[in-house]
Asks: 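What follows is a single structure, and I will ask about it in a moment.
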2 protein chains.
Amino acid sequence: MLAAGLAIADEKGLDAVTMGAVAARLGVTPMALYRHVANKADLMDGIVELLLTEFPPPPAGPWTDRLSGLADAIRASARRHPSVFPLLLQRPATTPRARQARHGVYAALEEAGIDTARLAQTERLISTAVLGFAVSEAAGRFRSHSRRQLDDDFARLLELLGRFIESESTRPGTDRPVPARPSSP
Amino acid sequence: MLAAGLAIADEKGLDAVTMGAVAARLGVTPMALYRHVANKADLMDGIVELLLTEFPPPPAGPWTDRLSGLADAIRASARRHPSVFPLLLQRPATTPRARQARHGVYAALEEAGIDTARLAQTERLISTAVLGFAVSEAAGRFRSHSRRQLDDDFARLLELLGRFIESESTRPGTDRPVPARPSSP
DNA sequence: ACCTGAACACCGTTCAAGT
DNA sequence: ACCTGAACACCGTTCAAGT
C-alpha cells in the first residue's frame, strides 16, 4: 500500500496521491485504507519512510568511497522519486532506518579522523549539503541545467566536503585531499 | 492578496491556504480571486515569489560580510515563513528578484578572486548549501535541536563555505581563511 | 478481522448573471 | 472592470452495516 502510493507519486506527482487513487491501485475502496493507516498524513509519512529503504547499508572500503557511495545513492533516490524526496526534509531522521544511515556516516567520519565530539555536527553539515543538492535537483530548482552540468556540480560538492573532512581531521592525512570520483557510466 | 496568502501560510500552515481562506481575509468571495490569478497554482507561485522580496539588496562592505549577511537574511526569511520557504527549491531562480540576489553573490565571489568561468557553479554550490540548511530548519528536519545548536551549525557552515571560496581564489588571500562571524544578539 | 455504501463537510473551478 | 450565486466534480473522513 505504501509502495502503491509511492508509485502513484512517481508517475503522476504528489497531488495524484489520493486515498481513492491508492485504493483503486489495490483494487479496493478508499475506506478500506483506514484499516492500515490513521489518515492521509499517516499514509504520506509511511511513503516518505519507504524512501529510506533504498539507501544501501554501509558498504566496505575506504571511508571516502563509503561516503561518496552513500551520497550517490541518495541522489539517485531523489532522481527516482522527485516528488516525494523533498518531504524528507520535513522530518527528523529518528526512525531506525535513518539512524542506521547516520551511524554509517559517523563510522566513516571517525575513520577519517574526526573528533568524536564533533561527529554529530559534522554529519549534519554534510548531509544538509548533500540533501540540499538532491532536493534542489529533484524539486526542479536546477531544471534549466544539463545532466552533465549537474553531475559536475555534484562531484564538486563532494570534493568540497571531502576536503572539509580532511581539514577537520585530527590525524595527519595523505597529501592529496580527496581522490577523484569515478564518473558513472 | 499574495500577502494575505502568505500570512495565512505563516499562521496556519500551507494546507490552510485555500481560495476560500484567502478570499475571506480580503472580505471577498473565492471566485473574485480568479480576476487576479489564473488558478491556485498561480496563487502559490506568487506567494513564493513574494518571499524573494525580503532578501535585502546587496549591502556595502567586504565580500565576506556581504555573503554572510545575505546568508543570514535567507535563513531569517526561512524562519519567518517556514511552510512557504521550502517551495523555493521547486523553481529555478529566473525571476528578476532572484537574478538580483544571484548577481550580488557573483560580485562578491569575483571580489574574492574566483575565476569568472567558475562564478556560476560556485554560486550554485554555495546557495545550495545555504538553502539546504535554511529549508531543513524551516521544514522541521532539525526539530529536535536547540536554537543555540542550529546557530552554531549555521556559523560552521558559513565558515566552511568561506574557506572553500578562499581556497578556490586565484588571488593570494590573507593568512586567516575567514573572519569569525559575530553572534547575533 | 476486513471491507463497503451512504453520507458529510470541504475544496477548486465554471459559468451565467449582476453592478 | 469587478464581483457574486449556483452548480459540478472531487476530496478526506465518519459511521453503521455487511462478510
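This one's a predicted model, so the numbers in the text were calculated from it and none came from an experiment.
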Asks: As an exercise, state the distance from CZ of B:Arg75 to CG of B:Leu157, rounded to the nearest 0.5 Å.
Replies: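 That separation rounds to 10.0 Å.
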Asks: For the atom pair CG (A:Leu6) and CE (A:Met44), what is the distance rounded to the nearest 0.5 Å?
Replies: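 Going from CG on A:Leu6 over to CE on A:Met44, the span is 9.0 Å.
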Asks: Of all of residues 34-50 of chain A, which get a heavy atom below 4.0 angstrom from DNA chain C, listed by number?
Replies: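 Those residues are A:Arg35, A:His36.
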Asks: Roughly how far, to the nearest 0.5 Å, is the CD1 atom of A:Ile8 from the OG1 atom of A:Thr18?
Replies: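 Atom-to-atom, A:Thr18:OG1 and A:Ile8:CD1 are 8.5 Å apart.
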Asks: If a stem is a run of at least 3 consecutive Watson-Crick or G-U pairs, both distances under 3.5 Å, which stems include DNA chain D?
Replies: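 So far as stems of 3 or more pairs are concerned, DNA chain D shows C:4-8 with D:12-16, C:12-16 with D:4-8.
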Asks: Between B:Asp151 and B:Arg147, does any NZ, NE, NH1 or NH2 come within less than 4.0 Å of an OD or OE carboxylate oxygen?
Replies: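 Salt bridge flag = yes for B:Asp151 with B:Arg147.
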Asks: Just the rounded figure in Å: distance from P of D:dT4 to CE of B:Met19.
Replies: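 From B:Met19 CE to D:dT4 P: 13 Å.
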Asks: For residues 96-115 of chain A, which side-chain donor-acceptor pairs fall under 3.5 Å, sequence neighbours excluded?
Replies:
from	atom 1	to	atom 2	distance (Å)
A:Arg102	NH2	A:Ala93	O	2.5
A:Glu111	OE1	A:Arg66	NH1	3.0
A:Glu111	OE1	A:Arg66	NH2	3.4

Asks: The criterion is side chain to side chain donor-acceptor pair (under 3.5 Å); which residues satisfy it with B:Ser77, sequence neighbours excluded?
Replies: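 Once residues adjacent in sequence are excluded, the partners of B:Ser77 under the side chain to side chain donor-acceptor pair (under 3.5 Å) criterion are B:Glu54.
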Asks: Nearest whole Å is fine: how far is C:dC11 P from B:Lys12 NZ?
Replies: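 Roughly 11 Å, once rounded to whole Å.
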Asks: Check DNA chain C against residues 24-31 of chain A and give the residues with a non-hydrogen atom under 4.0 Å, in numerical order.
Replies: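 Only A:Val28, A:Thr29, A:Met31 qualify.
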Asks: Can you confirm if the aromatic rings of A:Phe133 and A:Phe142 lie within a centre distance of less than 6.0 Å?
Replies: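 Yes: the rings meet the under 6.0 Å criterion.
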Asks: Nearest 0.5 Å please: distance from the CG atom of B:Leu161 over to the OG atom of B:Ser68.
Replies: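 Rounded to the nearest 0.5 Å, the CG-OG separation comes out at 11.0 Å.
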Asks: Going by salt bridge (charged side-chain N to carboxylate O under 4.0 Å, His left out), name the pairs with one or both residues in residues 1-17 of chain A, residues two or more places apart or in two chains.
Replies: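 Of all non-adjacent pairs touching residues 1-17 of chain A, those that pass salt bridge (charged side-chain N to carboxylate O under 4.0 Å, His left out) are A:Glu11-A:Arg25.
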Asks: A:Gln149 versus A:Asp153: any side-chain heavy-atom pair under 4.5 Å?
Replies: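 Of all side-chain heavy-atom pairs linking A:Asp153 with A:Gln149, at least one is under 4.5 Å.
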